[in-house]
Amino acid sequence: MHTLHLYNSFSKKKETFQPIHPPYVNMYVCGPTVYGPAHLGHARSAITFDILFRHLQHSKYQVKYIRNITDVGHLENETEEDKIAQAAKKYSQEPMALAQHFTNSYRKDMQDLNILPPTIEPQASGHITEQIAIVQNIIKKGYGYVKNGSVYFDLQKYHQNFHYGTLSGRILEDLWEATRSLNHQKEKKNAHDFALWKKASEKHIMRWPSPWSEGYPGWHLECTAMSKKYFGSHFDIHGGGMDLLFPHHECEIAQAMCTEQQNPAKYWIHHNMITVKKQKMGKSLQNFITIQDLLQQHTLHPMAIRMFILQAHYRNPLNFSLPALQAAQKAYYKLYNGYQYLQANQVTTPTYNSNSYTQTLKKKIKNIEEKCTYAINDDLNTPKVIACLFDLLKIIHDLQKRMIDWQSLDQDTRICLYNTYTHFFKKILGLYEEEYKEKNTQYMMSILLPCYIEAKKNNNYDLIDHIRKALQKQNIRLKDLKNTVDWHYVMLNDKI
RNA sequence: GGUCACGUGGCCGAGUGGUUAGGCAGUGGUCUGCAAAACCUCUUACAGCGGUUCAAAUCCGCUCGUGACCUCCA
């Protein structure tokens with residue numbers, strides 16, 4: 001697979017990725033509803049599409065990536081109350097202040113996880129006009145009806161002319177049969193009709209004027225409005241969690257089909273859920289763990305979270321446990337130390353040594369590089385990429401131990417090793433620490449290491465132990481090798 | 001109840017007709033002032049029962065088990 005293949009939830013097949021208008025790629029991903037702190041599930045979504053974003057960019061595509069912020073219109077089903085408004089009451093804050101607060105914290109969390117910011121991050125509340133225009137269009141086409149100032153989507157009528165349920169594999173007739181008789185919803189013609197516009201009750205704060213009432217837009221509308229505004233009626237990728245597949249994305253398709261006569265996205269990409277004790281992590285079960293909890297209470301390195309998520313394929317469920325995250329953290333430090341070693345040992349002078357051993361090694365490295373490319377192109381198989389990185393790490397360890405002489409390698413081999421490792425570890429998987437920390441540490445070590453080596457020469461064990469202990473406090477451990485001394489990072493809570 | 005997934009070694013998790021996934025943990029060794037790291041070594045699994053095949057963990061069927069969606073969730 002030298003080109004990207006992605007599993008398309010719409011066709012339920014792995015497909016060759018071909019942009020509509022190469023080299024441009026437009027990708028729209030459903031972002032969070034900002035009424036609480038981001039948890040591990042949000043991290044999975046953001047990381048999954050971050051990998052896709054990075055890989056597309058490195059595949060020479062010009063990518064526009066939109067990830068929206070839902071700050072209005074997402075209703076609690078039972079109470080029919082806006083999620084933001086309800087949370088605002090709980091925290092005694094104004095809804096928009098609350099939305100802003102959690103938008104900020106979401107961005108900070110994503111930054112901690114080294115997730116690239118999307119090209120555009122639009123907010124639903126900033127696109128009310130566009131949403132109203134779409135409702136008008138849907139009514140004009142005959143698929144929306146007004147009832148007491150609210151507007152609903154007429155699914156039955158839609159289903160007669162288009163087919164509803166292709167994405168989710170639902171059969172509308174079955175849905176009707178399965179529908180419960182509870183009906184606090186007396187305005188709808190059919191239980192599965194969904195709201196396009198809701199009239200605000202007297203006490204409802206979040207409200208905008210519209211041709212039908214003072215009110216607020218339905219949840220499914222924002223993505224349709226914002227994707228159309230920035231991408232037009234047909235774009236390359238639409239992503240989100242599997243839990244959004246139905247009804248959210250199904251409804252988006254319905255809205256687009258009846259107004260634009262086409263499926264909005266060419267590729268529908270859905271990632272699976274994080275589970276806790278095999279059950280979905282989510283707000284309703286109250287079994288979620290926030291990103292800040294993991295970083296602060298459990299003193300995890302942010303990259304441990306990234307590693308944990310990337311060690312599983314995005315379309316499979318991933319079970320959360322602290323030991324699993326800690327294992328991922330150890331694995332991350334190992335890979336990071338390999339990266340750090342390559343950074344410190346970049347070769348600037350060309351050498352032309354070439355023997356049969358180097359040739360074999362070069363072949364081996366090239367082979368791993370190909371495997372990495374194949375894996376990432378094969379529907380973003382990040383676990384396999386990580387496995388390959390560990391294969392490269394083995395080679396790096398050999399170099400480090402001078403079992404393979406670094407100088408005996410020709411430049412091409414070294415560059416290949418460096419480039420492959422750096423490309424996948426840092427650029428594609430996005431696993432790395434902040435540059436400034438890296439540089440500071442390297443500077444400090446360049447001063448300290450000679451002192452340490454000198455002390456070793458003189459068998460000055462007191463000084464040796466002193467340096468070791470001092471560095472341990474900075475999470476750095478020294479490695480005495482046969483002919484030299486090296487250093488590496490250790491876990492924050494590791495014992496000496 | 002309907003629709004759809006999935007069941008891999010102590011744990012986490014790839015793979016998918018014949019060839020070592022990988023990580024964590026553990027075993028024994030090499031190295032070492034002591035360590036650590038690294039290296040080598042060992043523990044070699046695919047829910048159960050049938051079937052197809054020269055060959056199945058991988059395809060098909062059944063059984064059991066788990067989960068997701070069907071209502072808000074990334």
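Convention: sequence-line order gives letters A, B, ...; per-chain numbering from 1. Because the structure is predicted, anything quoted here is derived from the model rather than measured.
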> Closest to the Lys280(A) side chain: rC72(B), rC40(B), rA68(B)?
Replying inline: rA68(B)

>> When you measure from the side chain of Asn104(A) to the backbone of His101(A), do you find a donor-acceptor pair of N or O atoms at a distance under 3.5 Å?
In response: no

>> Within a 6.0 Å radius of atom NZ on Lys147(A), are there more than 12 heavy atoms belonging to other residues, nucleotides or ligands?
In response: no

>> Under a 3.5 Å distance rule, please check whether Glu250(A) uses its side chain to pair with a backbone N or O of Ser168(A) as donor and acceptor.
In response: yes

> With a non-hydrogen cut-off below 4.0 angstrom, is Gly241(A) in contact with a base, only sugar-phosphate, or nothing?
Replying inline: sugar-phosphate

> Which nucleotide, rA38(B), rA74(B), rA35(B), lies nearest any side-chain atom of Arg468(A)?
Replying inline: rA35(B)

> Taking the same atom, C1', in rC42(B) and in rG9(B), what whole-Å distance lies between them?
Replying inline: 14 Å

> Picking from rG23(B), rC70(B), rA74(B), which would you name as closest to the side chain of Phe390(A)?
Replying inline: rG23(B)

>> When the C1' atoms of rA21(B) and rU44(B) are compared, how many Å lie between them, rounded to an integer?
In response: 13 Å

> So which nucleotide does rA56(B) pair with, by the Watson-Crick or G-U wobble rule with both distances under 3.5 Å?
Replying inline: none

> With respect to the side chain of Arg477(A), which nucleotide from rC69(B), rC24(B), rA37(B) is positioned closest?
Replying inline: rA37(B)

>> What contact category does Met307(A) fall into here, base, sugar-phosphate, or nothing, at under 4.0 angstrom with non-hydrogen atoms?
In response: nothing

> Roughly how many Å is it from OH in Tyr28(A) to P in rA74(B), rounded to a whole number?
Replying inline: 13 Å

>> Over all strands shown, is Asn459(A) touching base, sugar-phosphate only, or nothing at heavy-atom distances under 4.0 angstrom?
In response: nothing

> Counting side-chain heavy atoms from C-beta on, which of rA36(B), rG33(B), rA74(B) comes nearest to His39(A)?
Replying inline: rA74(B)

> Which nucleotide, in any strand shown, forms a Watson-Crick or G-U wobble pair with rU20(B), with both distances under 3.5 Å?
Replying inline: none

> Rounded to the Å, how far apart are Leu335(A) CG and rC24(B) C1'?
Replying inline: 13 Å

> Do the side-chain N or O atoms of Lys283(A) get closer than 4.0 angstrom to the phosphate oxygens (OP1, OP2) of rA74(B)?
Replying inline: yes

>> Rounded to whole Å, how long is the line connecting atom CG of Leu478(A) with atom P of rU32(B)?
In response: 18 Å

> Does a nitrogen or oxygen in the side chain of His397(A) sit under 4.0 Å from OP1 or OP2 of rC39(B)?
Replying inline: yes

>> If you assign each of Leu393(A) and Gly169(A) to its closest nucleotide in RNA chain B, which residue comes earlier from the 5' end?
In response: Gly169(A)

> If we take the P atom in both rG13(B) and rA68(B), what is their distance in whole Å?
Replying inline: 15 Å

> Counting only Watson-Crick or G-U wobble pairs whose two distances fall under 3.5 Å, which nucleotide matches rC6(B)?
Replying inline: rG65(B)

>> One thing to verify: whether Asp50(A) and Arg54(A) come together as a salt bridge, which I'm taking to mean a side-chain N less than 4.0 angstrom from a carboxylate O.
In response: yes

> So which of Lys13(A), Arg315(A), Lys384(A) actually passes salt bridge (Lys or Arg N to Asp or Glu O under 4.0 Å) with Asp379(A)?
Replying inline: Arg315(A)

> Rounded to the nearest Å, what distance is computed from the CD1 atom of residue Ile386(A) to the P atom of nucleotide rC12(B)?
Replying inline: 17 Å

>> With rounding to the closest Å, how many angstrom separate the P atoms on rG18(B) and rC34(B)?
In response: 49 Å

>> Using whole Å, what does the distance between atom P of nucleotide rU32(B) and atom CG of Asp480(A) come to?
In response: 11 Å

> Hey, does Met273(A) reach any base, or is it just sugar-phosphate, or nothing, if we go heavy atoms under 4.0 Å?
Replying inline: base

> Considering only side-chain heavy atoms of Phe246(A), which listed nucleotide, rU66(B), rU20(B), rC70(B), is closest?
Replying inline: rC70(B)

> Which part of the nucleic acid, if any, lies within reach of Leu40(A) when heavy atoms closer than 4.0 Å are counted: base, sugar-phosphate only, or nothing?
Replying inline: nothing

> In whole Å, what separates the C1' atom of rG28(B) from that of rA14(B)?
Replying inline: 29 Å

Which atom pairs link the protein and nucleotides 4-8 of chain B when you take only N or O atoms and keep those under 3.5 Å?
none

> What is the base-pairing partner of rU43(B), counting Watson-Crick and G-U wobble geometry with both distances under 3.5 Å?
Replying inline: none

> Does any donor atom in the side chain of Glu222(A) or Asn68(A) lie under 3.5 Å from an acceptor atom in the other side chain?
Replying inline: yes

>> Quick check: on RNA chain B, is the nucleotide nearest Gln311(A) upstream (toward 5') of the one nearest Tyr461(A), or the reverse? Name the residue that is more 5'.
In response: Gln311(A)

> Looking only at atom C1', what distance separates rG2(B) and rG10(B), rounded to whole Å?
Replying inline: 39 Å

> rG33(B), rA74(B), rA14(B): which one has an atom nearest the side-chain heavy atoms of Pro383(A)?
Replying inline: rA14(B)

> Would you say Leu196(A) and Gln255(A) make side-chain contact, with heavy atoms under 4.5 Å?
Replying inline: yes

>> Rounding to an integer number of Å, can you tell me how far Asn381(A) CG sits from rG22(B) C1'?
In response: 11 Å

>> Any side-chain to backbone donor/acceptor pair from Ser45(A) onto Gly41(A)? Under 3.5 Å, distance only.
In response: no

>> Need the pair for rG1(B). Rule: Watson-Crick or G-U wobble, both distances under 3.5 Å, any strand; none if unpaired.
In response: rC70(B)

> Atom NE2 in His55(A), atom NE2 in His423(A): separation rounded to 0.5 Å?
Replying inline: 7.5 Å

> To the nearest angstrom, how far is Lys330(A) atom NZ from rC24(B) atom P?
Replying inline: 8 Å

>> With rounding to the closest Å, how many angstrom separate the C1' atoms on rU53(B) and rC59(B)?
In response: 10 Å

> Distance between the C1' atoms of rG29(B) and rU16(B), in whole angstroms?
Replying inline: 36 Å

> Taking the side chain of Ala331(A) as heavy atoms from C-beta outward, which of rG23(B), rA74(B), rA14(B) is closest to it?
Replying inline: rG23(B)

>> As a test of reading the structure: which of rC72(B), rC24(B), rC12(B) is closest to the side chain of Ala327(A), going by heavy atoms?
In response: rC24(B)

>> Students often get this wrong, so: under 4.0 angstrom with heavy atoms, is Ile171(A) touching a base, only sugar-phosphate, or nothing?
In response: nothing

> Taking atom types as modelled and ignoring hydrogens, do the side chains of Gln343(A) and Tyr418(A) form a donor-acceptor contact shorter than 3.5 angstrom?
Replying inline: yes

>> Distance check needed: rC31(B) C1' versus Lys456(A) NZ, whole Å only.
In response: 11 Å

> When you measure from the side chain of Asp378(A), which nucleotide among rG67(B), rU16(B), rG33(B) comes out closest?
Replying inline: rU16(B)

> Do you know which of Phe320(A), Phe102(A), Phe288(A) makes ring-ring contact (aromatic ring centres under 6.0 Å, His included) with His39(A)?
Replying inline: Phe288(A)

